[in-house]
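Naming convention: chains lettered A, B, ... in sequence-line order (proteins, then strands); numbering from 1 in each chain. As a basis for the values below, the full set of heavy atoms in this structure was taken, side chains included, without hydrogen atoms, waters or symmetry mates. Quick caveat: nothing in here was measured; it's all calculated off a predicted structure.
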Number of protein chains: 2
Amino acid sequence: MKARSRPTQRGIPTPTARGEAFRIVAPGVNYGIMNRLLGSHLRRAQILVYEDFFKAVEGSEITPPLFASLILIKENPGMSQGVISTVLGIAKSGAMSLVDKLEALKLVERRPHPENRRSKSLHLTAAGHRELKLLEEAVEKFDLHASRNLTKQERETLLLLLRKLDLPTRTDSAPSRSEDRD
Amino acid sequence: MKARSRPTQRGIPTPTARGEAFRIVAPGVNYGIMNRLLGSHLRRAQILVYEDFFKAVEGSEITPPLFASLILIKENPGMSQGVISTVLGIAKSGAMSLVDKLEALKLVERRPHPENRRSKSLHLTAAGHRELKLLEEAVEKFDLHASRNLTKQERETLLLLLRKLDLPTRTDSAPSRSEDRD
DNA sequence: TATTGTTATACTCTATAACTATA
DNA sequence: TATAGTTATAGAGTATAACAATA
């Protein structure tokens with residue numbers, strides 16, 4: 001599938017360590033349609049949760065994609081680098097730089113792949129296992145903390161709905177554009 | 001409030017027009033703790049919804065922050081540029097470039113502020129009103145489409161929970177880090 | 001002295017494309 | 001001919017910092 005004929009990055013505001021875009025902080029401001037859009041709510045929620053993620057990993061060099069990569073390597077030992085680019089949906093070069101960083105941090109090592117000499121086999125180092133264990137605990141704790149406004153039941157419902165949102169039903173159908181009107 | 005002493009952008013993967021990171025597409029891959037993290041689910045959901053957003057605005061130069069800016073200006077006519085940077089949580093320079101683009105697109109104009117000669121008063125142009133009307137309709141339609149896996153009731157519940165997640169309860173408290181254990 | 005807008009600069013993430021070595 | 005990894009390059013978004021005009 002080809003990417004749309006657009007500039008690569010479409011100006012999607014990226015949450016930062018401070019937690020940013022769409023945060024409602026200005027009193028007396030009207031948000032119009034944004035109050036009804038799932039997209040706006042998801043963005044705000046993501047920012048909120050990312051704030052806690054960054055607290056969780058404070059002091060480490062770990063970012064969300066690096067964390068996800070570590071998890072994948074831990075859960076699928078020996079997997080090739082391509083899996084990262086597939087699962088995270090980034091370009092091969094992106095997966096490269098993620099693994100480069102993890103290798104530089106001595107958390108991951110590339111070994112020759114036993115079956116395919118083109119591939120590299122990814123493994124956590126001993127330090128990687130130790131570090132990830134701590135990270136997982138912290139991230140999970142802060143992830144729970146991020147949803148402190150919700151009851152346990154509400155959090156479960158939220159996870160359920162988000163999971164359902166992303167289910168395979170995903171046909172590539174699309175509603176009619178506004179041009180079709182009248 | 002001061003920013004944390006971190007590099008500005010922390011490598012958070014940004015969803016692109018194609019919809020990217022954390023998308024589960026590789027069969028037989030284990031995701032470990034990510035299956036339980038709100039952060040992972042939110043990211044996937046956001047990517048999904050952003051895909052539809054980009055379909056909605058196809059053919060225009062509009063991005064999510066540009067769209068949000070247009071909404072803000074429409075809903076709060078005459079507001080100053082600072083509101084954009086506050087609400088979207090971006091730096092002043094970021095709001096600058098957003099307004100610059102909207103002005104270049106002839107959708108917004110900067111007028112002298114009646115009360116404060118340092119400020120500019122932001123207004124939609126006639127074209128801006130026309131264009132935004134179409135954009136709003138399309139975005140709302142595609143935003144609904146993005147949640148096609150959910151019933152109407154489920155979508156409402158989801159919005160409710162996301163809203164609740166981001167409520168003012170937000171104390172700046174944080175759970176204990178893993179170092180605190182034992 | 002603080003604030004609004006502005007400009008210049010640098011950094012990060014990500015994509016594309018070309019290259020290599022294998023298959 | 002296709003695939004896994006690699007490398008180099010370029011584009012977009014955002015932050016920081018310094019500046020001018022105004023408060």
> Starting at atom CD1 of A/Ile47, determine the distance to atom P of D/dT14, rounded to an integer number of angstrom.
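So the CD1-P distance, A/Ile47 to D/dT14, works out to 11 Å.
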> Over how many whole Å does the gap from A/Arg110 atom CZ to C/dA21 atom P extend?
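It works out to 17 Å between those atoms.
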> Return no unless some side-chain N or O of B/Arg117 is found under 4.0 Å from OP1 or OP2 of D/dA23.
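It does, given that an N or O in the side chain of B/Arg117 lies less than 4.0 Å from OP1 or OP2 of D/dA23.
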> Just call it for B/Gly94: base, sugar-phosphate, or nothing, with non-hydrogen atoms closer than 4.0 Å on any strand.
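No contact.
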> Check whether the side chain of A/Ser93 and the base of C/dT16 form a donor-acceptor pair under 3.5 Å.
yes
> Whole angstrom is fine here: how far is it from NE2 in A/His113 over to P in D/dA4?
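Spelled out: NE2 on A/His113 to P on D/dA4 is 11 Å.
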> Find the distance B/Ile90:CD1 to D/dA12:P and express it as a whole number of Å.
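For the pair B/Ile90 CD1 and D/dA12 P, the rounded distance is 17 Å.
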> Kindly say if B/Lys101 contacts the phosphate of D/dG13, meaning a side-chain N or O under 4.0 Å from OP1 or OP2.
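Indeed, a polar side-chain atom of B/Lys101 lies that close.
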> Let's test your reading of the model: under 3.5 Å, does the base of D/dT3 pair with the side chain of A/Arg118 as donor and acceptor?
yes
> Restricting to non-hydrogen atoms, name the atom on B/Glu131 and the atom on B/Leu107 that form the minimum distance, rounded to 0.1 Å.
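Shortest heavy-atom separation between B/Glu131 and B/Leu107 comes out as CB-CD2, 3.8 Å.
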> Taking atom P of D/dT22 as reference, at what distance in whole Å does atom CD of B/Glu115 sit?
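For the pair B/Glu115 CD and D/dT22 P, the rounded distance is 17 Å.
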> Using whole Å, what does the distance between atom C1' of nucleotide D/dA17 and atom CE of B/Met96 come to?
15 Å
> Side-chain donor or acceptor of A/Lys92 under 3.5 Å from a matching atom on the base of D/dG5?
yes
> Please state whether the rings of A/Tyr50 and A/Phe54 are parallel, tilted or perpendicular, taking 30° and 60° as the class boundaries.
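A/Tyr50 and A/Phe54: perpendicular rings.
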> Taking B/Gln46 for its side chain and B/Arg43 for its backbone only, find out whether a donor-acceptor pair lies under 3.5 Å.
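No: the side chain of B/Gln46 does not pair with the backbone of B/Arg43.
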> State whether the side chain of B/Ser85 and the backbone N or O of B/Ala91 hold a donor-acceptor pair below 3.5 Å, judged by distance alone.
no
> Send over the distance from B/Ile84 CD1 to C/dT4 P, rounded to a whole Å.
14 Å
> Let me know the distance between CD of A/Glu103 and P of D/dT6, rounded to the nearest Å.
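It is 8 Å, rounded to the nearest whole Å.
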> Side chain of B/Asn116: nearest nucleotide among C/dG5, D/dA23, C/dC13?
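Among the listed nucleotides, the one closest to the side chain of B/Asn116 is D/dA23.
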> Regarding B/Ser121 and B/Arg111, is there a side-chain donor-to-acceptor distance under 3.5 Å anywhere?
no
